[in-house]
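I have placed the structure first, in the form of structure tokens, so that the comments after it can refer back to it.
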Amino acid sequence: MTEKYNSSDKRRWRNILTRTAIIAAAVMLIVWFLPRESGPQFRYDVGKPWMYGSLIARFDFPIYKTDEAIKTEQDSILNNFEPYYSYNAEQEKLQIAKFKNAFAEGISGLPPEYVGIITDRLHRLYQAGIMDPNQYSEISKDSTRLIRVISGKNASSIQVNCIYSTMTAYEQLFADEKLSPHRQALQRCNLNEYIAANITYDKERSETERNDLLSSIAIASGMVLTGQKIIDRGEIVDDHTYRVLSSFEREMTRRSAASSEISSTVAGQTLFVTIMMVLFTCYLVLFRRDYFNKLRSMLMLYVMITLFPVMVSLMVTHNMLSVYILPFAIAPIFIRVFMDSRTAFIAHAVMVLICAAAVKYQYEFIIIQLVAGLVAIYSLRELSQRVQVLRAALLIFLASCAIYFALQLMQDNSVLAMDHSMYTYFAMNGVFLLFAYPLMLVVEKTFGFISDVTLIELSNTSKDLLRELSEVAPGTFQHSIMVSNLAVAIANKIGARAQEVRTGALYHDIGKMPNAAFFTENQAGKNPLEKMTRPDAAKIVISHVSEGLRLADKYDLPGIIKDFIATHHGTGLTKYFYITYQNEHPKEAVDPRPFTYPGPNPFTREQAILMMADTVEAASRSLPEYTEESIGQLVNRLIDGQVSEGYFTDCPITFHDIRVAKQVLTERLKGIYHTRISYPELKK
């Protein structure tokens with residue numbers, strides 16, 4: 001007993017440590033990526049009024065130019081920049097000497113003076129300058145461009161179109177008026193072997209000169225002195241004031257980079273994120289402990305809450321597009337589909353509040369995203385069709401536009417003066433929301449959930465396993481369809497997951513396929529079980545559970561379907577064979593274990609519904625007559641027996657649910673078998 005308690009304590013502490021580690025990892029990851037902005041955090045934009053008090057400069061600081069202005073100046077300077085090239089005079093001497101040596105006896109078919117003519121033309125080419133073709137193709141795009149050629153201690157600017165590449169130099173030889181008539185004879189001389197580059201790019205000198213030119217650009221265009229007023233409350237922020245305010249914040253950041261303000265910023269961010277995570281954890285512990293206890297559910301929730309603050313921080317830090325293009329509503333959609341609405345909204349609210357720590361206009365951001373999240377939860381209670389995602393994305397887009405327009409109306413008097421670029425971001429957000437449908441499969445595989453989309457696909461009777469069931473065991477297939485209809489009717493009445501019950505019911509008896517003829521619904525004549533001993537017959541019947549689980553593994557069915565297969569008989573007895581065996585051996589103490597299903601008993605409402613529907617549907621086939629009284633008595637007797645035998649002890653089904661299930665089963669069976677009232681007998 002002591003060892004049992006010790007094992008339980010160890011498991012409990014291990015679970016606590018695991019969940020604490022998940023929460024701590026989420027906090028550290030978010031804080032790591034949050035922007036580090038120490039000092040006062042002002043929110044302002046061009047054309048908007050200054051919402052704070054009078055701002056006075058506390059120190060001298062430069063008014064920095066905008067990145068666009070600096071880029072324009074850099075482009076202007078680089079347009080006039082002349083890259084450096086080195087002139088190699090030895091290359092000409094080497095190649096001409098090589099040519100003269102090769103044709104010392106003249107050129108075949110040409111007069112002797114042509115050696116001197118070609119030597120002169122090569123000299124002219126080398127004097128003009130010859131480049132490597134790769135280097136030449138880079139600079140020849142602008143033929144008017146100048147380059148700086150260094151020859152010894154002299155430097156001269158030369159226009160690019162006055163220089164040759166090795167290829168154009170070779171072509172220039174044959175374009176000469178004296179050489180062109182003898183082109184065929186000269187081509188046999190391979191004159192290209194004596195043309196080599198004598199101008200090469202001087203990378204080190206060019207880069208040094210280029211950097212010197214760029215560094216000469218002033219990054220500031222003025223100064224603000226200590227005590228000078230920058231802006232007062234209510235004044236409109238224009239372009240110049242915006243640059244001054246940006247310069248002030250930039251200088252504040254630079255001055256505080258080496259101080260303790262950064263550490264205090266990190267401490268504040270850590271405290272803020274921790275508080276938000278603790279509040280969300282308290283919600284799970286107090287109101288949804290089932291999610292907190294399931295590791296996969298907890299992991300999904302904290303991953304969703306962590307993922308978007310990290311993405312927002314990266315976009316803000318690297319000055320990417322607006323954060324409004326991120327589909328924040330995907331998080332509450334997934335949580336709603338796999339869990340419930342309340343948890344979806346709480347998680348979305350916590351995620352948005354954490355993201356607000358990284359954005360510029362926090363009030364506006366929080367309002368828009370909370371509205372988008374609520375609309376997502378209302379419009380997509382379940383995700384089973386692609387058109388539902390399209391409708392939800394459209395509604396979220398319209399809601400975001402409407403709430404943003406309302407906020408703008410409260411701040412601006414003129415509709416024409418409003419910022420309309422946000423509507424483009426909302427449209428992009430809506431497009432990204434459409435990825436919720438394919439991403440659902442990723443979430444399922446990652447965290448082990450199953451969505452209605454997957455359940456609907458599995459319930460397609462043309463699927464391989466169900467099609468085989470209809471061919472091999474048609475009676476069992478019809479029984480499964482009847483059970484699924486009954487179970488769905490109950491689930492809809494008591495608010496259980498109808499699609500889950502439907503799919504589980506279709507697969508619950510697939511284990512009968514290997515021995516289909518041994519089950520009465522598939523028999524047309526004699527029952528082969530009658531020739532077997534009662535324990536052996538019971539073993540055959542019970543094996544359909546283990547065979548079903550084997551087939552489920554073979555066809556890679558989800559775990560939730562396997563649970564339906566395992567629990568639809570619970571730990572019940574094959575009563576027909578057990579009681580018959582007892583009657584045949586009245587003096588023997590019969591061991592019930594060979595006649596007992598392996599279980600376990602149902603542990604969800606949906607599994608309990610399937611057990612009730614399966615038992616009642618199968619037993620209803622043996623009624624001698626179908627009257628309202630006989631059906632009602634059958635349903636009450638069977639389900640009351642299941643309750644008294646403790647089959648539903650481990651699942652959260654209520655007595656009210658069971659009473660409703662009885663009513664639904666009775667009414668449905670009456671409709672199926674067309675019952676009539678019982679006629680009274682005439683008293684004698």
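In this structure, F405 has its ring center at least 6.0 angstrom away from the ring center of Y423. Residues F328 and F365 bring their aromatic ring centres within 6.0 Å.
For the atom pair OG of S379 and CG of L374, the computed distance is 10.5 Å after rounding to the nearest 0.5 Å. To the nearest 0.5 Å, atoms OG1 (T270) and CD1 (I275) are separated by 11.0 Å. Rounded to the nearest 0.5 angstrom, I367 CD1 and L407 CG are separated by 6.5 Å. Going from atom OG of S484 over to atom CD of E617 covers 10.0 Å, rounded to the nearest 0.5 Å. Taken to the nearest 0.5 Å, the CG atom of N460 stands 12.5 Å off from the CG atom of L465. To the nearest 0.5 Å, atom CD1 of residue I305 and atom CE of residue M277 are 5.5 Å apart.
Listed by chain and number, the residues in a side-chain hydrogen bond (donor to acceptor under 3.5 Å, both in side chains) with R243 are S221 (sequence neighbours excluded). D340 meets the salt bridge (charged side-chain N to carboxylate O under 4.0 Å, His left out) test with R288; sequence neighbours excluded. Residues forming a side-chain hydrogen bond (donor to acceptor under 3.5 Å, both in side chains) with Q642 (at least two apart in sequence, or on another chain): T615. Partners of F564 according to the ring pair (Phe, Tyr, Trp, His ring centres under 6.0 Å) rule, which considers only residues two or more places apart in sequence or in another chain, do not exist here. By the ring pair (Phe, Tyr, Trp, His ring centres under 6.0 Å) test, F432 pairs with no residue at all, sequence neighbours left out. Applying the side-chain hydrogen bond (donor to acceptor under 3.5 Å, both in side chains) criterion to Y242, with sequence neighbours excluded, gives no partner residue. For F397, the ring pair (Phe, Tyr, Trp, His ring centres under 6.0 Å) test picks out no residue, with sequence neighbours left out. Residues passing the ring pair (Phe, Tyr, Trp, His ring centres under 6.0 Å) test with H568, sequence neighbours excluded: H508, H544. A search for side-chain hydrogen bond (donor to acceptor under 3.5 Å, both in side chains) contacts involving N429 returns nothing, not counting sequence neighbours.
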Starting from the C-alpha separation in whole Å, work towards a yes-or-no answer on side-chain contact (heavy atoms from CB on, under 4.5 Å) for D452 and V337. CA-CA 8 Å; D452 285 345; V337 169; over 6 Å; no
side-chain hydrogen bond (donor to acceptor under 3.5 Å, both in side chains) between R467 and S462: does it pass, once the steps are laid out? CA-CA 5 Å; R467 188 179 69 251; S462 63; over 6 Å; no
Evaluation steps, side-chain hydrogen bond (donor to acceptor under 3.5 Å, both in side chains), between D657 and T654: CA-CA 5 Å; D657 295 338; T654 64; 3.1 Å; yes
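Of all heavy-atom pairs between I565 and A552, the closest is CD1-CB, 4.1 Å. Contact between L458 and L466 at its shortest, heavy atoms only, is O-CD1, 3.5 Å. Residue S400 comes nearest to F426 through the heavy atom pair O-CE1, 3.7 Å, listed as atom of the first residue, atom of the second, then distance. In terms of heavy atoms, V350 sits closest to M276 at CG1-O, 3.9 Å. For the pair L433 and I396, the tightest heavy-atom approach, listed with the atom from each and the gap, is CD1-CD1, 3.6 Å. Residues T476 and L469 come closest through the heavy atom pair CG2-CD1, 4.1 Å.
Side-chain contact check for M351 versus F280: every heavy-atom pair is 4.5 Å or farther apart. Within the 4.5 Å cutoff, no side-chain heavy atoms of I510 are placed close to those of Y555. Using a 4.5 Å heavy-atom cutoff, the side chains of I639 and L665 are in contact. Using a 4.5 Å heavy-atom threshold, the side chains of Q408 and M422 count as separate. The shortest distance between side-chain heavy atoms of E444 and F338 falls below 4.5 Å. Side-chain contact between F449 and T454 is absent, with no heavy atoms from C-beta onward closer than 4.5 Å. For the pair I494/I609, a side-chain contact is recorded, criterion being any heavy-atom separation below 4.5 Å from C-beta on. No side-chain heavy atom of I346 sits less than 4.5 Å from a side-chain heavy atom of F287.
A distance-only check finds a donor-acceptor pair linking the side chain of R19 to the backbone of N15 [under 3.5 Å]. Of the possible polar contacts, none joining the R497 side chain to the E606 backbone as a donor-acceptor pair under 3.5 Å is found. In terms of modelled atom types and a separation under 3.5 Å, the side chain of T317 and the main chain of L314 share no donor-acceptor contact. Side-chain N or O atoms of Y283 include one that pairs as donor or acceptor with a backbone N or O of T343 at under 3.5 Å.
Among residue pairs with one or both ends in residues 423-438, none qualify as salt bridge (charged side-chain N to carboxylate O under 4.0 Å, His left out); sequence neighbours excluded. Sorted by first and then second residue, the side-chain hydrogen bond (donor to acceptor under 3.5 Å, both in side chains) pairs with a member in residues 292-308 read T281-Y302; sequence neighbours excluded.
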For residues 485-492, dump all side-chain donor-acceptor pairs below 3.5 Å to protein atoms at least two apart in sequence or in another chain.
from : atom 1 : to   : atom 2 : distance (Å)
N485 : ND2    : I481 : O      : 3.3
N492 : ND2    : V488 : O      : 3.2

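Between the side chains of D238 and T241, a donor-acceptor pair is found at a separation under 3.5 Å.
In this structure, K562 places its NZ atom where more than 12 heavy-atom neighbours from other residues, nucleotides or ligands lie under 6.0 Å away.
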